[in-house]
Every structure is written in structure tokens, then in C-alpha cells.
Chemist: 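My questions all concern the structure below.
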Protein chains: 6
Amino acid sequence: MPEVYVHIVEGRTVEQKRGLVRDITKAMVEHLHVDPANVMIQIMESSRENKAKGGVLFSER
Amino acid sequence: MPEVYVHIVEGRTVEQKRGLVRDITKAMVEHLHVDPANVMIQIMESSRENKAKGGVLFSER
Amino acid sequence: MPEVYVHIVEGRTVEQKRGLVRDITKAMVEHLHVDPANVMIQIMESSRENKAKGGVLFSER
Amino acid sequence: MPEVYVHIVEGRTVEQKRGLVRDITKAMVEHLHVDPANVMIQIMESSRENKAKGGVLFSER
Amino acid sequence: MPEVYVHIVEGRTVEQKRGLVRDITKAMVEHLHVDPANVMIQIMESSRENKAKGGVLFSER
Amino acid sequence: MPEVYVHIVEGRTVEQKRGLVRDITKAMVEHLHVDPANVMIQIMESSRENKAKGGVLFSER
């Protein structure tokens, strides 16, 4: 309330995730004027075998 | 048809999940008058490192 | 935290939605032991032209 | 690739949306080192009658 | 069971949607060996003001 | 742009996934006239313990 879902391929460090959720939360607060305590962010990690672009799995590109 | 997605942090038992899907299905049938056989529920579990509130990962709260 | 998404075809009354979110929240609290104030539920309504089963749009069934 | 979904209650201006997608994209590029041209963001707006917290619809809070 | 969600910008005809859900269902049946009657597809249409690429809303590209 | 999410129970081979994303991409191009290079497909696999139909977990059916 609001909720943000970030879909990425697996392999990022916790430092990257920490910085990402901090700065997305800032952007939400600045532009939507919401209480930061209410901003929920979920990172949806995918294996390379479960994501495709151009009809080809990432594991085969 | 209908479809329900429940996003939670990982760590619940199968007993909790069993009760949850039973009672959500009951609520769907009672209020929407759908056939229970058509109610699909998916539990989307997240690690504590992939979910944040207030700009901070659950793994660091 | 937790978050629930309910995908239905449009056409339900506000009374149906009111009862549905009340009872799904109860099920979440009973089985997951979460604070009800933290349960977010979003109803994702679809037109009949945007949903299909068996390869056929609901608007044409 | 990556994809971001932002779930909010309807009623924001295009200026707010413009700033939000610009700054979320910046955060994605800075922390994930992705090409900004590949960052897709979708804002999923909900009516107040289709979203609930604490078991109560936003339209009735 | 399985469920497919297709996110597109609004503006397609019902003929396009009809063909799309028919052929995605065929692909699901051929490769996953599921009963076509169980394949649910939902088209999630977005306005051009609610979708962005490269940090810019589609309505402003 | 467009984005497709396919929710299935885990246990398919990479050959099945490869064929599935190839043919869904073809259907998207044929009916929506999009550039195949822009079609993103993500397969969202679920354990049998996290998916239910008719109020019963797949792991208990």
C-alpha cells in the first residue's frame, strides 16, 4: 500500500538489493507522498532457465 | 477462474498452508458463488532477503 | 505483508467484495498469525473480453 | 528485463507518474547495472473499491 | 492450472485477442501436456500513461 | 513489452520450456504484430505444496 514487484534474473548480491529497495522507496515517497513505512517491495528472482526474450531462454542465449 | 495469489515470507508449515487455502476457498465460494473446484490458489513465498518494508530488507530488520 | 491478489471477472457488487476481503483477512490471521492491519488485499477485475479458458474468451463462451 | 510493477490506488497525476518511472529506472540502473532501455515499469492502478487493508475496503475507510 | 498473464498496452481488437488466446492455449497443450480446458489466460491491458520503458511513459514517447 | 507470465507446477524439462517460450512468442508476434525481440516470457514455477485447487493443496490431492 503501495506494493512494488521487481522481476529480475537471480544472481544479485544483498548489497545490490539493499540499495535498490532503499532508492525505490525514496522514489515512491517523493512522487506519491506515501508514508515510507507503508511501501512494500518484493524482488521476484527467476532462474535463467525460466525467463526468455525473443523466444529464447536466457540459459541458452 | 477465479485465481488467488498470496504473497508471504517463507517459513510457514504445510498445516498452515492447508488451512489457509481451505478457508480462502470457502470465502470465495460464499461471497462470489463460484464452484469451489474452480478456485485456484497459489502461495508465492519470498525469502527475507527479497522482501522489504520501509526501504529495509526483512533480513536486516 | 502479506499481500493477496484475487483475480475475478468484473460484475460483483461492493457487498460481495466487502464480505470477501473481511473473510480472507480472517483466514490470513487465523492461519498465518499476522496482524490483520498488515493484510493487503487487491481485487483484480477483468473484462470478459480479456479472460479465456480452454482457448476461448469468456465474452464468446 | 527487468520488469517492475507498482500497485497504487488510482488518482495520481501524470506528473507524479512521470517522475516515479524516471527515478525507479535510475535506481534500477544504479544498483543492478542494467541498460535503462531495458527497464519496463507498469503502474497497476486500483479503484478504492478493489483494495483493502485490515479487512476493510479503501472506499469504506 | 496453468495460468497465463499477458501484459499489453491497450488498443488491440477482439479478433487479435481471440487468436492470441487460442494459439497460446495450443502451445501450452503441446509442450506441457495439460488439458486445454484447464488453461486460463488473462490479458492485462495497460493505458499508455501507466507503462514506461527507458524511464519514459509510453504516452510521452 | 509485452510481458507474459506462465504459472505452472514445477517439474517440466528445459526442452518443454524451450518449446513453450518459442511458440508463445510466435503467437504474440502473429496476433499482436510486436517485434519478437521485445517479447519477455517468465515461467513462474510453484511447488506442489504452494498451489491448491478446490481448497486442497496439490501435494495432498
Chemist: Side chain from CB out, backbone as N, CA, C, O: work out which of these in D/Met28 comes under 4.5 Å of a heavy atom of chain A, or both, or neither.
Modeler: both

Chemist: Between A/Val34, A/Ile24, A/Ile41, A/Ile8, who has the most heavy-atom pairs with chain D when the cutoff is under 4.5 Å?
Modeler: A/Ile24

Chemist: Got a list of the donor-acceptor pairs under 3.5 angstrom between chain A and chain D?
Modeler:
| residue | atom | partner | partner atom | Å |
| --- | --- | --- | --- | --- |
| A/Glu3 | N | D/His7 | O | 3.2 |
| A/Glu3 | O | D/His7 | N | 2.7 |
| A/Glu3 | OE1 | D/Lys51 | NZ | 2.8 |
| A/Tyr5 | N | D/Tyr5 | O | 2.8 |
| A/Tyr5 | O | D/Tyr5 | N | 2.8 |
| A/His7 | N | D/Glu3 | O | 2.7 |
| A/His7 | O | D/Glu3 | N | 3.2 |
| A/Gln16 | NE2 | D/His31 | O | 2.9 |
| A/Gly19 | O | D/His31 | NE2 | 3.2 |
| A/Asp23 | OD2 | D/His31 | NE2 | 2.7 |
| A/His31 | O | D/Gln16 | NE2 | 2.9 |
| A/His31 | NE2 | D/Gly19 | O | 3.2 |
| A/His31 | NE2 | D/Asp23 | OD2 | 2.7 |
| A/Lys51 | NZ | D/Glu3 | OE1 | 2.8 |

Chemist: Out of A/Val4, A/Leu20, A/Val6, which one racks up the most heavy-atom pairs below 4.5 Å with chain D?
Modeler: A/Leu20

